[in-house]
Asks: 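Below is one structure. I have some questions about it.
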Amino acid sequence: MADDELIDYYDDDGHRLGVAARRAVHRAGDWHRTLHLWLASQEERGSLLYQLRANGAANWPGLLDASVAGHLLAGETDAEAMREAREEIGIVVPPDRTVLLGVRREVDPATEGGWNRELQAVHLARLDPAWGRFAAIDREAAGLAWVNNDEGMRLHRGEAATIVARMTLFDGQRAIEERRSL
């Protein structure tokens, strides 16, 4: 994450107001665009890939998050922002293989102060092995977890304190497969 990267910011109605450094946009609590990509399993029907954030990650350390998520740079399209998949988990996702599910508004306290007010473009794709092997590129991801949708919903609703998932953990650039409780 680069706090000085330039991103577009928007008013409450979604009209673009200008460009500013990411940190400044968060401190001001301005709306900005992000990409959230969820990857579905081809082998395990009804499973989604969650990213396990690294303990040292600026956002959501040690927690599960979308398969891939990131800020759109100034002037960047959703298709161009698919670069986040390569940067975070080492695979190249062709934009034409994703489906836009919608845009949601999310408001959270920002790590660096202020508010993180996101216009999240939520995409879904079925993972294709041809897109490459998982790897920790930017060190924000500690691993990946295939979570059954029913188990994921139980976890999100607070009905389960832990679940068991098939994991890919990153040890440097190496990916290690195992099953573990989350």
Side-chain angles (χ1 to χ4, degrees), residues 1-3 5 34-72 78-102 104 106 108-112 116 118 120-182:
M1 171 182 73
D3 290 330
E5 64 189 10
T34 61
L35 173 82
H36 284 233
L37 173 63
W38 287 96
L39 297 171
S41 174
Q42 286 191 9
E43 293 91 32
E44 296 180 39
R45 185 174 169 90
S47 290
L48 290 176
L49 186 67
Y50 284 71
Q51 183 182 133
L52 175 62
R53 303 288 292 161
N55 287 332
N59 295 308
W60 313 111
L63 299 176
L64 294 176
D65 198 0
S67 309
V68 173
H71 289 72
L72 273 73
D78 286 3
E80 293 166 333
M82 289 295 164
R83 66 175 164 72
E84 290 283 354
R86 181 185 43 76
E87 292 173 8
E88 290 187 0
I89 62 173
I91 63 172
V92 177
V93 177
D96 63 348
R97 298 282 302 276
T98 72
V99 174
L100 176 64
L101 300 179
R104 72 184 278 254
E106 181 69 25
D108 299 300
T111 304
E112 61 272 4
N116 192 20
E118 295 182 353
Q120 298 173 345
V122 181
H123 289 255
L124 177 68
R126 189 166 303 279
L127 181 66
D128 186 329
W131 297 347
R133 300 183 76 115
F134 294 131
I137 304 300
D138 68 4
R139 305 286 192 257
E140 287 187 30
L144 300 165
W146 285 109
V147 177
N148 172 279
N149 291 342
D150 292 335
E151 289 294 296
M153 290 306 297
R154 289 181 58 235
L155 190 65
H156 287 293
R157 288 192 299 255
E159 297 168 2
T162 63
I163 60 172
V164 176
R166 182 169 53 97
M167 300 283 300
T168 300
L169 299 174
F170 299 132
D171 175 18
Q173 292 294 321
R174 192 173 50 143
I176 305 161
E177 294 280 335
E178 65 179 58
R179 291 187 76 78
R180 82 163 36 172
S181 280
L182 299 172

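All values reported here derive from a predicted model rather than from experimental measurement.
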Asks: To the nearest 0.5 Å, tell me how far Glu5 CD sits from Leu72 CG.
Replies: 10.0 Å
Asks: Would you find a donor on one side and an acceptor on the other, under 3.5 Å apart, between the side chain of Arg53 and the backbone of Asn59?
Replies: yes
Asks: With sequence neighbours excluded, tell me which residues meet ring pair (Phe, Tyr, Trp, His ring centres under 6.0 Å) with Trp60.
Replies: none
Asks: Quick one: does Arg126's side chain get under 4.5 Å of Val99's, heavy atoms only?
Replies: no
Asks: Compare every heavy atom of Ile89 with every heavy atom of Gln51, then report the nearest pair and how far apart it is.
Replies: NE2-CG2, 4.1 Å
Asks: Which heavy-atom pair separates Ala121 from Asp78 by the least distance, and what is that distance?
Replies: CB-OD2, 3.3 Å
Asks: So do Leu144 and Leu52 actually touch side chain to side chain, heavy atoms under 4.5 Å?
Replies: no
Asks: Please name all residues satisfying side-chain hydrogen bond (donor to acceptor under 3.5 Å, both in side chains) with Asp128, sequence neighbours left out, ordered by chain then number.
Replies: Arg97
Asks: Supply the atom-to-atom distance Leu48 CG to Leu39 CG, rounded to the nearest 0.5 angstrom.
Replies: 8.5 Å
Asks: Do Leu37 and Glu84 touch side chain to side chain, with heavy atoms closer than 4.5 Å?
Replies: no
Asks: Enter the distance from Leu49:CG to Leu127:CG here, rounded to the nearest 0.5 Å.
Replies: 7.0 Å
Asks: Minimum heavy-atom separation for Gly132 and Ile91, please, with both atom names.
Replies: O-CG2, 3.6 Å
Asks: Determine the minimum heavy-atom distance between Ala79 and Pro95, stating which atoms define it.
Replies: O-CG, 3.4 Å
Asks: Can you give me the closest heavy-atom contact between Leu35 and His123, atom names plus distance?
Replies: CD1-CD2, 3.3 Å
Asks: Work out which heavy atom in Asp65 is nearest to a heavy atom in Trp38; give both atom names and the distance.
Replies: O-CH2, 4.0 Å
Asks: Would you say the rings of Trp146 and Tyr50 are close, in the sense that their centroids are separated by under 6.0 Å?
Replies: no
Asks: My understanding is that only residues two or more places apart in sequence, or in another chain, count here; which of them pass side-chain hydrogen bond (donor to acceptor under 3.5 Å, both in side chains) with Glu151?
Replies: Arg154
Asks: Rounded to the nearest 0.5 Å, what separation is found between the CZ atom of Arg139 and the CD atom of Glu87?
Replies: 14.0 Å
Asks: Run the side-chain hydrogen bond (donor to acceptor under 3.5 Å, both in side chains) test against Ser47 and tell me which residues pass, sequence neighbours left out.
Replies: none
Asks: For Arg157, does the CZ atom have more than 12 heavy-atom neighbours from other residues, nucleotides or ligands under 6.0 Å away?
Replies: yes
Asks: So, using side chain to side chain contact (heavy atoms under 4.5 Å, CB included) as the criterion, who are the partners of Gln120 when residues are at least two apart?
Replies: Thr34, His36, Arg104, Glu106, Glu118, Val122
Asks: Just jot down the side-chain hydrogen bond (donor to acceptor under 3.5 Å, both in side chains) partners of Asn148, sequence neighbours excluded, or say none.
Replies: none
